[in-house]
Amino acid sequence: MTDIEKPSNFIQQVISADLDAGRVETVITRFPPEPNGYLHIGHAKSICLNFGLAKQFGGACNLRFDDTNPEKEDDEYVQAIIADVRWLGFDWADEPKFASDYFGQLYSWAQYLIGEGKAYICELNAEQMREYRGTLTEKGKNSPYRERPAEESLALLEQMKIGAIDEGAMTLRAKIDMASPNINMRDPVIYRIKKMAHHRTGEAWNIYPSYDFAHGQEDAIEGVTHSVCTLEFAANRPLYEWFTSNLPLPTTPHQYEFGRLNLNYTLTSKRKLKQLIDENHVDGWDDPRMPTISGLRRRGVTAAAVRDFCDSLAVAKTDGVVDIAQFEHFIRDDLNDTARRAMCVLNPLKITLSNYEQGKEEMLTAAGHPNRDDLPQRELPFGRDIYIDKNDFSEDTTLSRKKFKRLVIGEYVRLRGAYVIRADEVISDNSGEIVEIVGSYVPDTVGENPPEGIRPRGVIHWVSATNAIDCDLYLYENLFTVPAPDAGEGSFLDHLNPQSLQVVTNCKAELGLANAVAGEQYQFEREGYYCLDAKYSSSDKLVFNRTIALR
RNA sequence: UGGGGCGUCGCCAAGUGGUUAAGGCACCGGGUUUUGAUCCCGGUAUCGGAGGUUCGAAUCCUCCCGCCCCAGCCA
């Protein structure tokens, strides 16, 4: 079944070829995070790739937790990862898998290797091992324990397993080649002692397999055909293959590497993201400024936008830095289609329409979306007193119509979805601050063009002064002020953007927004895309996060 | 300096000896528009460098330059 359009990236080409040649019947991929942190946008690329490949070729993709190191792992991360992958819109064949489910099998394969004379218990400590390993340019030398009899290694491994040996005193090493130009092949450690409870296996084990000894075998157990990982694992591939060819595995998976996603003005390093949280630079893994899936979700970015962005990324072996603008494009692109429109005035300036009957109020209706009539219409109460944004008025009457398409004394402007109005007079306080505008409305201009001679400068948003809800807006900008916070001397923390969060209080929003719920996006017309923040909102104060501004 | 990988427009990239060297983002013009949004038109590269093979090279060969990864009992 090669009715696939046309393989566009090298991995698709490999899969197509494997299918055509009959080397593979059903494509099985996997997304294998270690549960030691939350997923971020970089993982999203891998998720979209792995699940996408499986779907495209009619196969399946497993969600598998690579939990071989209890030190940094936790069930909290397992649950968060599951939720994030689901939110992104992907599903896996039956239950999530865990490396820890295979600890027993892995252990017997270790015994097998010892029996074959291909692994041994080494008593070199960490420092000695480093010395024996050699350097990039110098060969390593054999461990004095390298020729230990299999029976002895087998017995010691058992001792390690039951906790009879001190941490750090011994390791199990694969016997490969201390002179290999690839350092990963110089008798790598495949089991180490960690007397530590594991979030799933508890106290059952005192030893844990290393990544290299686990990954390929996990793939083989699950029948993974194409094990797709990032470039930094390329040097581990020979080792991956050494295990798949020296162990009696049920299948022979193959590893392929692609370039991980790097985005400018942010970070995609779990360690550093965790540091931002631990040092309270942000509000947690789901802080809307974080590049984490949970942060993006809370920010108001949709799963579709994340997927579209990831699909727009090339799968190649180059390691470039994608411009955050490319991501923002897909965020706006999706939100423009899906977000309901609403009006919210950030910096309210009252304007009284002197010719509008005192006490009168009428209900206007506006479209929920300019080109979608499946979204409900909005009801907008209109009266004599309304709010417009301070930025939409200028005392400078010399501003050209082209340069300033807003309100100016003596001129007209269209209130979006309502009347054409004119500004007549400015009322200022003692300090010269404008506190109010007195204006007038042009009757019969709702949905109608104004009479000849009246040319509105533009269209501005507004909200009824007597029928509005109060809210606070959280405006976000890049977390860092430089494109590559990671690069150069010094800490990435030196580049934190002090203005990454700006809180605007006492904003006035249209009535309908009182019913907003988290997870539902709005476009505050002429301002940007916003969504309710469940964490910061309370019954008496609504808080909206700005997902992204309009262009 | 050993091994592995990579260098095509400002950014991400298609391209697998014969194409006017795709496309997206960004940017710059112009049009539509009751969001300065959206939408719609139009514009912008000779392929890291130098040699060579060939009727013909971004695509093959040679040398050079640059960047990334590997010396955790992390993944």
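Scope of the values below: all heavy atoms of this structure, side chains included, with no hydrogens, waters or symmetry mates.
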Using a cut-off of strictly less than 4.0 Å, decide whether [X] has a side-chain nitrogen or oxygen near OP1 or OP2 of [N].
| X | N | answer |
| --- | --- | --- |
| A:R133 | B:rG72 | yes |
| A:R186 | B:rG3 | no |
| A:K194 | B:rC74 | yes |
| A:R64 | B:rA75 | no |
| A:R130 | B:rG72 | yes |
| A:R526 | B:rG36 | yes |
| A:R551 | B:rA26 | yes |

Quiz item: Any side-chain donor paired with an acceptor under 3.5 Å for A:E158 and A:Y107?
Solution: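 Result is yes, a qualifying pair exists.
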
Practice problem: Measure distances between side-chain N and O atoms of A:R406 and base N and O atoms of B:rG36, and say whether any donor-acceptor pair falls under 3.5 Å. | Solution: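 Pair found.
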
Exercise. Would you kindly check whether a donor in the side chain of A:Q523 faces an acceptor in the base of B:rU35, or vice versa, at under 3.5 angstrom?
Key: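 Present.
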
Options [options], nucleotide nearest the side-chain atoms of [X]:
| X | options | value |
| --- | --- | --- |
| A:P370 | B:rC73, B:rC12, B:rU35 | B:rU35 |
| A:N336 | B:rU35, B:rC69, B:rU38 | B:rU38 |
| A:Y211 | B:rA13, B:rA75, B:rC74 | B:rA75 |
| A:V459 | B:rC73, B:rU34, B:rG3 | B:rU34 |
| A:Q13 | B:rG15, B:rC74, B:rG72 | B:rG15 |
| A:P181 | B:rA26, B:rC70, B:rG2 | B:rG2 |

Self-check item: Pair A:R237 + A:E257: basic N to acidic O under 4.0 Å
Solution: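 Answer for the salt bridge query: yes.
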
Quiz item: Is A:K194 paired with A:E167 through a side-chain N to carboxylate O contact shorter than 4.0 Å?
Solution: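 Result for this pair is no, no salt bridge flagged.
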
Exercise. Starting from C1' on B:rU35, measure out to CD1 on A:I548 and report it in whole angstrom.
Key: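 Computing the A:I548:CD1 to B:rU35:C1' distance gives 16 Å.
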
Exercise. Scan A:G458 against the nucleic acid and name what it touches under 4.0 Å (heavy atoms): base, sugar-phosphate only, or nothing.
Key: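 Counting heavy atoms under 4.0 Å across all strands, no contact is made by A:G458.
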
Self-check item: Anti versus syn assignment for B:rG36, with syn defined as within 90° of 0
Solution: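 Glycosidic conformation of B:rG36: anti.
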
